[in-house]
Amino acid sequence: MSRTLTALAAATLVTLGVAAPASASASVDAQAPYYCNERGTWAEESWIPVYNVPGTWSAACVLDRGAQSNAVRALQDSLNYCYGQGLAVDGEFGARTEAALREVQKIIGVPADGEYGPQTRKAMRHYPVKTGTSCNRVP
């Protein structure tokens with residue numbers, strides 16, 4: 001919860017112009033892991049959860065129980081399409097999404113903590129932008 005509040009406060013400060021956003025050209029993993037709030041594409045190949053406010057874009061973000069956003073939809077799409085989890089794509093990170101993510105984390109060999117973050121992002125496959133193509137890993 002405190003991570004969510006910290007990320008929301010940072011996003012608000014950037015939006016209000018009180019703080020400068022991280023450079024969009026910075027390395028994805030060099031940026032602090034903010035709370036994912038949107039759905040974005042990686043190299044026009046996969047839909048992934050991203051942190052996005054005007055002037056800032058990062059895939060180095062986190063999602064956990066209680067989150068509600070298009071980023072959660074992107075995660076749910078990947079869990080369903082790439083891992084056959086059968087979740088409702090409702091944008092709510094509840095008990096079922098957490099359980100599905102833990103199951104996938106066990107399969108991909110990362111700590112099964114139920115939190116989507118940079119380590120899980122790199123290890124799991126993501127929903128493809130073009131239908132009929134395979135799921136992709138994102139660096």
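Nothing fancy with the numbering, it's 1 onward along the sequence. Note that these values count all heavy atoms, side chains included, but never hydrogens, waters or copies made by symmetry.
- Nearest heavy-atom pair, C61 versus S58, reported as atom, atom and distance to 0.1 Å: SG-O, 4.1 Å.
- Note that CG of N136 and NZ of K130 are 10.5 Å apart. Values are rounded to the nearest 0.5 Å.
- Closest approach of P118 to A60, counting heavy atoms only: CG-CA, 4.2 Å.
- Taking each heavy atom of V62 and G117 in turn, the nearest pair found is CG1-CA, 4.0 Å.
- When hydrophobic clusters are built by joining Ile, Leu, Val, Met, Phe, Trp and Tyr residues whose side-chain heavy atoms come closer than 4.5 Å, directly or via intermediates, L63 is not grouped with Y34.
- To the nearest 0.5 angstrom, S134 atom OG is 8.5 Å from E45 atom CD.
- V72 and V104 fall within a single hydrophobic cluster, where Ile, Leu, Val, Met, Phe, Trp and Tyr side chains are chained together by heavy-atom contacts under 4.5 Å.
- Put simply, the side chain of Y83 gets close to the backbone of R125: a donor and an acceptor are under 3.5 Å apart.
- Residue K106 comes nearest to A112 through the heavy atom pair CG-CB, 3.7 Å, listed as atom of the first residue, atom of the second, then distance.
- Under a 3.5 Å cut-off, the side chain of H126 and the backbone N or O of R121 do form a donor-acceptor pair.
- The main-chain N or O of Y127 is found under 3.5 Å from a side-chain atom of S78 such that the two form a donor-acceptor pair.
- Q85 places no side-chain N or O within 3.5 Å of a backbone atom of A99 that could act as its donor or acceptor partner.
- Taking all atoms of both residues into account, the shortest heavy-atom contact from P139 to K122 is C-CG, 3.9 Å.
- With values rounded to the nearest 0.5 angstrom, D77 atom CG is found 10.0 Å from N70 atom CG.
- A side-chain donor-acceptor contact under 3.5 Å links Q105 to the backbone of D113.
- At most 12 non-hydrogen atoms from other residues, nucleotides or ligands lie less than 6.0 angstrom from CZ of R96.
- Remark: the backbone N or O of W57 is not paired with any side-chain donor or acceptor of N52 at under 3.5 angstrom.
- In terms of modelled atom types and a separation under 3.5 Å, the side chain of D64 and the main chain of E115 share no donor-acceptor contact.
- Under a hydrophobic clustering in which Ile, Leu, Val, Met, Phe, Trp and Tyr are joined whenever their side-chain heavy atoms come within less than 4.5 Å, directly or via other members, I108 and L101 fall into the same cluster.
- No donor-acceptor pair under 3.5 Å is formed between the side chain of S46 and the backbone N or O of I48.
- Without hydrogens or angle criteria, E44 side chain to V129 main chain gives no donor-acceptor distance under 3.5 Å.
- In terms of hydrophobic clustering, with Ile, Leu, Val, Met, Phe, Trp and Tyr side chains grouped at heavy-atom distances under 4.5 Å, Y116 and V138 are assigned to different clusters.
- The two atoms that bring A71 and P49 nearest to each other are O-CG, 3.5 Å, heavy atoms only.
- In the hydrophobic cluster analysis, where Ile, Leu, Val, Met, Phe, Trp and Tyr join through side-chain heavy atoms closer than 4.5 angstrom, M124 is grouped apart from Y81.
- Between the CZ atom in R73 and the CZ atom in R39 there is a gap of 8.5 Å [rounded to 0.5 Å].
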